[in-house]
Protein chains: 2
Amino acid sequence: MLDLLIENIKEVVPLTDEDASLVKKAFNPVQLKKKDFLLRNGEYSDHMRFIVEGCLRAYKIDENGKEHILYFGIKNWWINDLYSYLTRTPATLFIQAVSDSTVMQIHRDQLNILYDKIHMIDRFYRIKTQNGFVALQERTINSMSQSADERYYDFVKKYRKMEQQIPQYMLASYLGITPEHLSTLRKNLTK
Amino acid sequence: MLDLLIENIKEVVPLTDEDASLVKKAFNPVQLKKKDFLLRNGEYSDHMRFIVEGCLRAYKIDENGKEHILYFGIKNWWINDLYSYLTRTPATLFIQAVSDSTVMQIHRDQLNILYDKIHMIDRFYRIKTQNGFVALQERTINSMSQSADERYYDFVKKYRKMEQQIPQYMLASYLGITPEHLSTLRKNLTK
DNA sequence: GAAGAAAATTAAGGTATCTTAAGAAAGCTA
DNA sequence: TAGCTTTCTTAAGATACCTTAATTTTCTTC
């Protein structure tokens, strides 16, 4: 499990063996059963989290009680309520296991120590966050310029693997439409 | 102009005088008249850019020829087509001056040198990007869970200053609605 | 493998936002 | 200040997507 994490980092920045060993010591595993919560609205998010196995979703519940999924995460992805983590305020997001999952997490205090000791850790999270920003921006553009069926079609094309792991009503929530509407879209697409 | 830039960095990370001097040498000014482009679709985005004065917008034109504004930037903000910058692919965004503006920019090659020399520069962009990510995520949530008039109301409340600098049709584009619709929303709000 | 729970489908009526088009207001430039 | 261009408004008809509710299908659990 730790090896996957170190590999993930080394794909982006170099680490000495000593660095890698420091990193390994700082992370702890969390096991989640399907539907378990990694984080709930109102709790503090004091960890950065890496998915070793499984599938999770980050979502928000609005004032009308509706769920809005912000993103999914699978093996090798990072997932968090970054706002809550950075500002040390209670989480506004829920993070829940879509299937049985394993996550490696590091406490903020530990990570801050690593930032100071290892220049490349700062760089790693810079690059990861930049990539995440770009992906989120892409999504923002698409949700502004495309219709629901185009967004659905693109999602399936891009994340076929993920699409097979998650129920349709979650995909609908991610796409910003109702499950009923997604259902009729699918019917019309296969016609 | 360079002082504003250094101040902006020092608000987030410490810099020695020597560091600051290296940073200063690496940035160059760009003057823009209203409606001038800092970047156009198809060009390469080889610089990171900091706004010293004025107001700019980053937008995309979709396949139907419609503009979608991703964000505005004012004094003290960073603005770029980060995707293009990071992947060295032609820009998909336009960045244009909404009013006469001054921008300080650094070439990727120069910035990469700074990253290696100054740990704190890696950290600075990590933190800036994390903040940007969080802001973009906030926007994504709002566009999924709020109606157009709520989004308009929130924007005005949050960015009163900016709202006064930009024409309404740009605000409509940012909010993801037509200028006609924004116009009717405004009429109904003040009633 | 039966019973209950969760998810997906279908369809009818409703609403937010869009499209088109035309006219009014405001902002530049000579 | 006049004339031209850009921006904003108004309104009517169109459409994408929503809401509600009932039915069917699939998944879970004992």
Side-chain angles (χ1 to χ4, degrees), chain A residues 32-37 54-55 57 59 61-69 72 94 96-100 142-156 162-191, chain B residues 33-37 55 57 59 61-69 72 94 96-100 142-156 162-191:
Chain A
L32 298 160
K33 292 264 177 211
K34 184 173 176 175
K35 300 204 178 174
D36 282 353
F37 287 93
C55 181
R57 64 174 178 143
Y59 65 96
I61 298 186
D62 71 20
E63 64 270 20
N64 305 314
K66 289 208 179 133
E67 285 181 11
H68 302 276
I69 295 181
F72 297 103
F94 294 81
Q96 188 190 34
V98 174
S99 56
D100 293 357
N142 290 345
S143 81
M144 289 201 304
S145 64
Q146 297 186 314
S147 61
D149 58 343
E150 287 171 323
R151 276 175 280 146
Y152 171 67
Y153 185 75
D154 283 3
F155 184 93
V156 173
M162 205 138 78
E163 192 236 343
Q164 289 161 352
Q165 291 183 54
I166 60 180
Q168 241 167 73
Y169 77 96
M170 287 190 192
L171 178 47
S173 168
Y174 177 84
L175 295 174
I177 58 178
T178 58
E180 293 86 352
H181 190 52
L182 178 55
S183 186
T184 64
L185 288 183
R186 281 164 53 83
K187 191 174 58 167
N188 295 334
L189 271 178
T190 48
K191 245 189 220 164
Chain B
K33 291 264 178 212
K34 184 174 175 175
K35 299 205 177 172
D36 282 353
F37 286 94
C55 180
R57 62 173 180 144
Y59 65 96
I61 298 185
D62 72 19
E63 63 270 20
N64 304 315
K66 289 208 180 135
E67 286 181 10
H68 302 276
I69 295 181
F72 298 102
F94 294 82
Q96 189 191 33
V98 173
S99 56
D100 294 357
N142 290 345
S143 81
M144 289 201 304
S145 63
Q146 297 185 315
S147 61
D149 58 344
E150 287 171 322
R151 276 176 279 147
Y152 171 66
Y153 185 74
D154 283 2
F155 184 93
V156 173
M162 206 138 78
E163 192 235 344
Q164 289 161 352
Q165 290 183 54
I166 60 180
Q168 244 167 69
Y169 76 95
M170 286 191 193
L171 178 46
S173 169
Y174 177 84
L175 294 174
I177 58 178
T178 58
E180 293 85 354
H181 189 53
L182 178 55
S183 186
T184 64
L185 288 184
R186 282 163 53 84
K187 190 173 57 166
N188 296 333
L189 271 179
T190 48
K191 246 187 218 163

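All chains are named by letter (A, B, ...) in the order of the sequence lines, taking the proteins before the strands, and each is independently numbered beginning at 1. Note that the structure is predicted; figures quoted are calculated from it, not measured.
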Does any N or O in the side chain of [X] come within less than 3.5 Å of the main-chain N or O of [Y], such that one atom is a donor and the other an acceptor?
X: A/Arg151; Y: A/Leu175; value: yes
X: B/Asp149; Y: B/Leu185; value: no
X: B/Ser99; Y: B/Cys55; value: yes
X: A/Ser173; Y: A/Ile69; value: yes

Can you confirm whether [X] sits close enough to [Y] that some side-chain heavy atom of one is under 4.5 Å from a side-chain heavy atom of the other?
X: B/Val98; Y: B/Lys34; answer: no
X: A/Glu163; Y: A/Gln168; answer: no
X: A/Leu171; Y: A/Tyr152; answer: yes
X: A/Phe72; Y: A/Gln165; answer: no

Pairwise N/O distances under 3.5 Å, protein to nucleotides 24-30 of chain D:
residue: D/dT28; atom: OP1; partner: A/Lys34; partner atom: NZ; Å: 2.7

Measure [atom1]/[X] against [atom2]/[N] and give the value in whole Å, please.
X: B/Ile166; N: D/dC8; atom1: CD1; atom2: P; value: 10 Å
X: A/Asn188; N: C/dT9; atom1: CG; atom2: C1'; value: 12 Å
X: A/Arg186; N: C/dT9; atom1: CZ; atom2: C1'; value: 10 Å
X: B/Tyr169; N: C/dA26; atom1: OH; atom2: C1'; value: 14 Å
X: B/Leu171; N: D/dT9; atom1: CG; atom2: C1'; value: 16 Å
X: A/Gln164; N: C/dA8; atom1: CD; atom2: P; value: 14 Å
X: B/Met170; N: D/dT7; atom1: CE; atom2: C1'; value: 11 Å
X: B/Asp100; N: C/dC28; atom1: CG; atom2: C1'; value: 14 Å

List every contact pair, protein side and nucleotides 10-18 of chain D side both N or O, where the distance is under 3.5 Å.
residue: D/dC17; atom: OP1; partner: A/Ala148; partner atom: N; Å: 3.0
residue: D/dC17; atom: OP2; partner: A/His181; partner atom: NE2; Å: 3.4
residue: D/dC18; atom: OP2; partner: A/Thr178; partner atom: N; Å: 3.2
residue: D/dC18; atom: OP2; partner: A/Thr178; partner atom: OG1; Å: 3.3

Open item on the list: Tell me if the aromatic rings of A/Tyr174 and A/Tyr59 count as close, with their centers under 6.0 Å from one another.
Closed with: no

Open item on the list: D/dT9, OP1 or OP2 - any side-chain N/O from B/Gln168 closer than 4.0 Å?
Closed with: yes

